[in-house]
2 protein chains.
Amino acid sequence: MAASARRGPYICGIDAGMDVVAGKWKSLILWELNNYGTRRFGELRRGLPGVSEKMLVQHLREMEEDGLIHREIYREVPPRVEYSLTPDGTSLNEALSALGSWGQQRVKRLAASGSLVEVSSTA
Amino acid sequence: MAASARRGPYICGIDAGMDVVAGKWKSLILWELNNYGTRRFGELRRGLPGVSEKMLVQHLREMEEDGLIHREIYREVPPRVEYSLTPDGTSLNEALSALGSWGQQRVKRLAASGSLVEVSSTA
DNA sequence: TTCGGTACTTACCTCTGGGTAAGTGTGGAG
DNA sequence: CTCCACACTTACCCAGAGGTAAGTACCGAA
């Protein structure tokens, strides 16, 4: 998203929320973690077709700082790291569900009118 | 937002929705139009402290294309243009209200713990 | 006669979000 | 002995999101 995160004085709650979700893959990470409960780094990478490792790490760190996700490190070889939603992350995901439904409606509407927009096909 | 709008195949409804709200001022424009019902260009500019005319126009045009807002031109001198939400824009705004509440909660939480984050003060 | 207000458009520039690719340390498999 | 998988880190690069400032056409007020 090209929306620059302000993390400064907010005008209303919406942009305080948007600020935290701003980032190309953040809402998808939330969605993925919500669906699977807990996921490893590699699983997330494979689950989000097109993410670069750099951005995945960066987004995960920011979301951890923002208190949205929990990072559990298992000191094994090879290393294992598991990510999961915190209560705040879970509630954020719930808050986004309405937007998700709206988005699905929109995709349906667009598909119904001529403009062929497909959802997750042959990505 | 530096979140790049994809307008391509979406993975889930959430990013289809996010795609349309991606843009530094879009959610604020939605909020402003929802609060006032109908607003003129200059009113919006003054209502969103910090917005540049270029970005305001650009966002308004994109949101009009996306069917979120309606643009009514009054051929007077000086010219008058009024913006308002379409039904789709209104429902999107409703879908964002949960995110707005979450954001407010978050601001309260942050304020409660040491990190002083203020909402719309001496912008 | 100049200024201000309306709603823009245009050219130019900066900043940074995001991508690409290579490197790191360890151990097991082949 | 080499390769691969894990979960990263680092350096470098580019496109585009967003900002700045000036210009446009019109009229009324000072």
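Here the structure is a predicted model, which is why all the values come from computation and not from measurement. Within every chain, numbering begins at 1; the chains are lettered A, B, ... in the order of the sequence lines, protein sequences first and strands thereafter.
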### Message
In the structure I gave you, are the side-chain heavy atoms of B:Leu28 and A:Cys12 within less than 4.5 Å of one another anywhere?
### Response
yes

### Task
Could I get the full list of side chain to side chain donor-acceptor pair (under 3.5 Å) partners for B:Glu94, not counting sequence neighbours?
none

### Query
Side-chain contact, heavy-atom cut-off 4.5 Å: B:Trp102 with A:Val20?
yes

### Query
At their closest point, which heavy atom of A:Ser27 faces which heavy atom of A:Val21, and how far apart are they?
CB-CG1, 3.9 Å

### Query
Between A:Asp19 (CG) and C:dG17 (P), how many Å, whole number?
11 Å

## Note on the structure
Expected string for nucleotides 1-10 of chain D under the B/S/- scheme (protein heavy atoms, under 4.0 Å, primed atoms plus P, OP1, OP2 as sugar-phosphate) is -----BSBB-

#### Entry: With sequence neighbours excluded, residues passing side chain to side chain donor-acceptor pair (under 3.5 Å) with A:Glu65
none

### Task
Quickly work out the A:Glu62 CD to C:dG17 C1' distance and round it to whole Å.
10 Å

### Query
Considering only heavy atoms from C-beta outward, does the side chain of B:Leu85 approach that of B:Leu68 to under 4.5 Å?
no

### Atom-pair distance (CD on A:Gln58; P on C:dG18), nearest Å
8 Å

### Message
Tell me the interatomic distance from B:Arg75, atom CZ, to C:dT6, atom P, rounded to whole angstroms.
### Response
18 Å

### Message
Below the 4.0 Å mark, does D:dA17 have OP1 or OP2 next to a side-chain nitrogen or oxygen of B:His59?
### Response
no

### Query
Hey, what bend do you get for the helix from C:dT1-D:dA30 to C:dG30-D:dC1 if you fit axes on five pairs at each end, rounded to 10°?
30°

### Message
Check whether A:Ser97 reaches the backbone of A:Asn93 with its side chain - one donor and one acceptor, N or O, closer than 3.5 Å.
### Response
no

### Query
What integer distance in Å separates B:Ile29:CD1 from D:dG18:P?
11 Å

Acceptor/donor pairs from residues 47-54 of chain B side chains to any protein atom, 3.5 angstrom cut, sequence neighbours excluded:
unit_1: B:Ser52; atom_1: OG; unit_2: B:Met55; atom_2: N; d: 3.3
unit_1: B:Glu53; atom_1: OE2; unit_2: B:Arg45; atom_2: NE; d: 3.4

### Query
Rounded to the Å, how far apart are A:Lys24 NZ and D:dC14 C1'?
13 Å

What pairs of donor and acceptor atoms, side-chain ones from residues 37-44 of chain A against any protein atom, are under 3.5 angstrom apart with sequence neighbours left out?
unit_1: A:Thr38; atom_1: OG1; unit_2: A:Tyr83; atom_2: O; d: 3.4
unit_1: A:Arg39; atom_1: NH1; unit_2: A:Glu32; atom_2: OE2; d: 2.9
unit_1: A:Glu43; atom_1: OE1; unit_2: A:Arg40; atom_2: N; d: 2.8

### Task
Check the distance between C:dA7's P and B:Glu72's CD and give it to me in whole angstrom.
14 Å

### Summary
Assign each of A:Met55 and A:Val77 the nucleotide of DNA chain C bearing its closest heavy atom; nearer the 5' end lies the nucleotide of A:Met55

